[in-house]
Protein chains: 2
Amino acid sequence: MGEPAPRRSRGEMSEQTTAQLLAAARRAFATSGYAASAMDTICADAGVTRGALYHHFGGKEGLLEAVVYQIDAEISARLDMEEKRHADPWVGFRACCRLWLEQALDPEIQRICLRDAPSVLGQKLRDLDEISAIVEIRDSLAALMLSGRIRATDPEALARMINGALVDAALWVAAAGDQPGAQHAALDRALAAADVLLDGLERRD
Amino acid sequence: MGEPAPRRSRGEMSEQTTAQLLAAARRAFATSGYAASAMDTICADAGVTRGALYHHFGGKEGLLEAVVYQIDAEISARLDMEEKRHADPWVGFRACCRLWLEQALDPEIQRICLRDAPSVLGQKLRDLDEISAIVEIRDSLAALMLSGRIRATDPEALARMINGALVDAALWVAAAGDQPGAQHAALDRALAAADVLLDGLERRD
DNA sequence: AGGAAAACATACGGTTCGTATGTCAGTGAG
DNA sequence: CTCACTGACATACGAACCGTATGTTTTCCT
């Protein structure tokens, strides 16, 4: 049948199976959703049994947690690159919001991170994204307030609200239409609305 | 044991059992979450069997849908009353945002409507809240744009974003602290941030 | 080389959901 | 008034799924 154990070291063995389980889980969660994804199916798709899954992730919830963590890291990496491309912090911040919205159109991100994860992980997700995009938004906002570029208020609360606005906008764009034309039009409308919302934060005395 | 069928008409019978099932489901979903709530428990709490539940709601998902619909109606009713109390539409709109945020601190609303329902119902929820708070927000915004009170952009997209901002703000406030003191402080911070965000929408030429 | 521990695979029980079927009380027509 | 009919449930059954407990093989360390 499969490869007759091609002589891997212990570390390589573990790394490969976890990677395959993560990949299979991402596919299953993205297409069928968390609740409707059976662990048997995921494990069969990854070429292992449920024993391996429980050994590495402790259960279904742990698997989702690892998937979300992985996706979050990928998003954050792209956001970091985008931020570095702009000299002006306010311009960079708005470019990051724009890039986040575009990335969040990915059905994988939508289903896993924006819809299922909040329900399943709950508070765990809040602790998790203390190291994700939210904290960067908050820090950027705090710096911009200090420099007087935007109006001063609670940075953490404002960061949460901007994050929520972007999340709902992404879900709205994705649900707007299945054909790519309507999708693109909805994205433009959302970006315009986001511009209005963010413009209002600018300080103008 | 229970009442020996106190001679109810068919309509009363149906109405009472649906009401009891809805009440029991609200309690269970709010405290244990949708996934962890067993239908056996809900039915036992309501004093009926699973047959009644399937007869009236078609299944677990239909039950959640009915619960969300009921809660949504309650919220909308309070929002309508608040809006009528203000002569100025812009003042009324901001008062409604404030009232929504305060209402959304209810753990029942948080768990059922803001966390579980989007994951379980998905697109069904989008269709459902076409008759809920979102549509009122959108119409209010559209009217305010026409009257030149706020900056003009896509009303639907902006309504979605404001809704998302309020949702995340409510979740953030609720997660801020368990003791009522911290809760109240976080609410104040969120309301202040919301004021900044909405102030920016005002038109000032 | 030999024991320990990691890295899985396998077997099993318990819980839960949906459906299929059965039963009984209202209800309307004749 | 009665009798067929239907709505409003209750009960029984099968299937899927999750978690754990246990067994087995391979690698690593001394």
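Chain letters run A, B, ... following the sequence lines, proteins first and then strands; every chain starts at 1.
When the nucleotides D/dC18, C/dT19, C/dC8 are ranked by their closest atom to the side chain of A/Ser14, C/dC8 comes out on top. Between C/dT19, C/dT16, D/dC9, one nucleotide has an atom nearer to the side chain of B/His56 than all others, and that is D/dC9. Counting only heavy atoms from C-beta on, B/Thr49 has its side chain closest to D/dC9 among D/dT20, D/dA12, D/dC9. If you check C/dC17, D/dT20, D/dA10 against the side chain of A/Tyr54, the one that comes closest is D/dT20.
Side-chain contact check for A/Ile112 versus A/Glu108: some heavy-atom pair is nearer than 4.5 Å.
Among the heavy atoms of the strands, none lies under 4.0 Å from B/Thr18.
Between A/His55 and C/dC8 there is no side-chain N or O to OP1 or OP2 distance below 4.0 Å. OP1 or OP2 of D/dC9 lies within a sub-4.0 Å distance of a side-chain N or O belonging to B/Thr17.
Atom NZ of B/Lys60 is separated from atom P of C/dT15 by 15 Å (rounded to the nearest Å). As rounded to whole Å, 14 Å separates atom C1' of C/dA7 from atom CD of A/Gln20. Remark: C1' of D/dC17 and CD of A/Glu61 are 16 Å apart, rounded to the nearest angstrom. Between the P atom of C/dG14 and the CG atom of B/Asp40 lies a distance of 16 Å, rounded to the nearest Å. Remark: C1' of D/dT11 and CG of B/Leu53 are 15 Å apart, rounded to the nearest angstrom. Rounded to an integer number of Å, the gap from B/Gln16 CD to C/dG26 P is 13 Å. Between the CE atom of B/Met39 and the P atom of C/dT19 there is a distance of 10 Å, given to the nearest Å. Residue A/Leu63 contributes atom CG, which lies 15 Å from atom C1' of D/dG19 at whole-angstrom precision.
Sequence order on DNA chain D of the closest nucleotides to A/Gly51 and A/Ala35 puts A/Ala35 first from the 5' end. Between A/Ala38 and A/Gly58, the residue anchored nearer the 5' end of DNA chain D, judged by the nucleotide with its closest heavy atom, is A/Ala38.
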Before you tell me yes or no, could you show the steps for A/Arg26 and A/Glu74 under salt bridge (charged side-chain N to carboxylate O under 4.0 Å, His left out), namely the whole-Å CA-CA distance, both residues' side-chain angles and the distance that decides it to 0.1 Å? CA-CA 13 Å; A/Arg26 279 178 73 150; A/Glu74 294 171 6; 2.9 Å; yes

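Just one residue in the list B/Ile162, B/Ile75, B/Ile137 forms a side chain to side chain contact (heavy atoms under 4.5 Å, CB included) with B/Trp100, and that residue is B/Ile75.
The pair A/Glu83-A/Arg78 fails the salt-bridge criterion, with no side-chain N (NZ, NE, NH1 or NH2) lying under 4.0 Å from an Asp/Glu carboxylate O.
Minimum interatomic distance between B/Ala169 and A/Met161 (heavy atoms only, all atoms of both residues): CB-CG, 3.8 Å.
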